[in-house]
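To start, the structure under review is shown below, and the notes come after it.
Keep in mind the model is a prediction, meaning the values are calculated, not measured.
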Amino acid sequence: YPPPRHDAQTSLIFPPGRHSAGPNFYLPRRRKRVTPAPGTLWRSFKNSFKVFSFPFHRKYAILAESRTDLTVQPLEKGGIILEHTFDALVVGAGYAGSVCARQLAEGGKRVLVLERRDHIGGNAYDRLDRAGVLIHQYGPHIFHTNNKRVFDWLSRFTVWRDYQHRVLANIPDGQGGRQTYPVPFNLTSLETAFGPAEGARLGQKLIAAYGAEKKVTILELRQARDPEIAALADYVYEHVFVHYTMKQWGQTPEEIDPNTTARVPVFLSRDDRYFQDTYQGMPLEGYTALFQRMLDHPGITVELGTDALKRLDLSGGQTRLDGTAFSGPVIYTGQADELFGFRFGPLPYRTLDFRFETLEQDDFQGCGTVNYTMDEDYTRITEFKHLTGQVRPGVTTIVKEYSRAFTGAPGEIPYYAIINPENDRRYAQYRAEAERFPNLYLLGRLAEYKYYNMDAIASRALELAGLLT
């Protein structure tokens, strides 16, 4: 498929033939400061809801971003200033914020979206790297769902590439080499690990005991009276689960929640897809193009590079925006603890370090993702061309993921909430604080301090927007 066009000025990927980020976008422009000609109208946008509208020859204008370290370019001849008021404020232009903003706009509301980063799409953001390979900047995102409403709604903004995600575990083979097999552990994995004959025999024993095409948990296998089946549970725990989990969550085996261990499945099938959902795929032109279209609505204004917490004031008994009372709904998708100045202490997260490598070869590992479940410091390697279907001979880009504790240092991103009773109690304090403001809604992984797949958060955003329109 034709690769998306990467605009070096805006860091956005545009679908082929598109040259605009849509209406009412504030985007980065030249950093070089220029001296305006006499009589030229300028504006910094700081603490302002003013939007420039130009009679351009193209459908939409790309408007200057509201960051104060950038110089706003002079108005085109014939430009006018329109005073905009907004019915709703959305903080964050990821899945939660963008889906909610679009649905609110289609319900007739004028929506202002404030995004701290210089791009839309949140952690699903993708872009072309220097080698021209389309990469996922914040790790691989594979869309899958059984929710037809969500799938149909998102399909308004993208054509889907049929992609069935497959993951391999890469482990030492005990003889100085390495072997790979599918995860979740299945009948094919069994024959690879124990040899074709022995693996087939064990597979038939499992099917006889539990039935074909069933997912059986480690806990169920460990409770089996047959010692061979119980031993298989121990093998899967050791070779697939425990070491990978220790790397991902920074925990010792004793610290790992037994309920988590109990849910690890063995799939009595040769279906080696990572997900069995009805709807699976990748946006044909990338996630950024999907979000661009989603936010392409005359009722939506997006400001990039804008820290909403510097403009949103919750210190009193009411919500204030830029010093003025704001009574419309405020949908907040960032960290709940940061919103309230960490007054009850920071909520713990895990963060990720990504190390990208561009290799001068067509293919590196033969599939999208390989998990290193027993050794190596990184948890997995992703090769993007397998995910996106991009054809680019002679070059490929991979990324290695390293998990570690989130410290809150500049540049760190909180990815995974660490769910336990103590942290749940702390989050409940922040939730109670948010409930003091009747027009404030916490939405998304960070704001709700829990893990959501992309389809689940899209569903929640649609539901919330429906209640507000």
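The aromatic rings of Tyr125 and Tyr138 are tilted relative to each other, their planes meeting at an angle between 30° and 60°. By the 30° and 60° cut-offs, the orientation of the rings of Tyr287 relative to His141 is perpendicular. The aromatic rings of Tyr274 and His165 sit perpendicular to each other, their planes meeting at more than 60°, with 30° as the lower class boundary.
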- Verdict with reasoning, Glu338 to Arg116, per salt bridge (Lys or Arg N to Asp or Glu O under 4.0 Å): CA-CA 13 Å; Glu338 185 181 17; Arg116 178 180 288 174; 3.1 Å; yes
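Ion pairing between a basic and an acidic side chain is recognised when a charged N comes within 4.0 Å of a carboxylate O; Glu376 and Lys400 show no such pairing. The pair Lys214-Glu220 fails the salt-bridge criterion, with no side-chain N (NZ, NE, NH1 or NH2) lying under 4.0 Å from an Asp/Glu carboxylate O.
For Asn371 (side chain) and Thr373 (main-chain N/O), no donor-acceptor pair under 3.5 Å exists by modelled atom type.
Residue pairs meeting the salt bridge (Lys or Arg N to Asp or Glu O under 4.0 Å) criterion with at least one partner in residues 130-139, sequence neighbours excluded, do not occur; the list is empty.
Residue Tyr244 holds its OH atom at 5.0 Å from CZ of Arg380, rounded to the nearest 0.5 Å. Of the inter-residue distances, the one linking Gln280 atom CD with Arg273 atom CZ reads 5.5 Å to the nearest 0.5 angstrom. Summarising the geometry, atom CD belonging to Gln223 is positioned 7.5 Å from atom OG1 belonging to Thr217; distances are rounded to the nearest 0.5 Å. Taken from CZ in Phe241 to OG1 in Thr245, the straight-line distance is 3.5 Å, to the nearest 0.5 Å.
The side chain to side chain contact (heavy atoms under 4.5 Å, CB included) check on Arg102 picks up Glu106, Trp153, Arg156, Phe157, Met294, His297, Ile300, with sequence neighbours excluded. Looking at residues two or more places apart in sequence or on another chain, you find a salt bridge (Lys or Arg N to Asp or Glu O under 4.0 Å) between Asp353 and Arg404. With sequence neighbours excluded, the residues that form a ring pair (Phe, Tyr, Trp, His ring centres under 6.0 Å) with His239 are Tyr235. Applying the ring pair (Phe, Tyr, Trp, His ring centres under 6.0 Å) criterion to Tyr210, with sequence neighbours excluded, gives no partner residue.
The aromatic ring centroids of Phe291 and His119 lie 6.0 Å or more from each other. Between Tyr279 and Phe143, a ring centre-to-centre spacing not shorter than 6.0 Å is recorded.
Partner of Phe384 under the side chain to side chain contact (heavy atoms under 4.5 Å, CB included) criterion, chosen from Asp129, Leu134, Val399: Val399.
For CG of Asp377, the number of neighbouring non-hydrogen atoms (other residues, nucleotides, ligands) closer than 6.0 Å is 12 at most.
Cation-pi geometry between Arg426 and Tyr449 is not satisfied (NZ or CZ under 6.0 Å from the ring centre, within 45° of the ring normal).
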Could you list the donor-acceptor pairs under 3.5 angstrom formed between side-chain atoms of residues 89-100 and any protein atom two or more places apart in sequence or on another chain?
residue, atom, partner, partner atom, Å
Ser98, OG, Ala93, O, 2.9
Ser98, OG, Gly94, O, 2.9

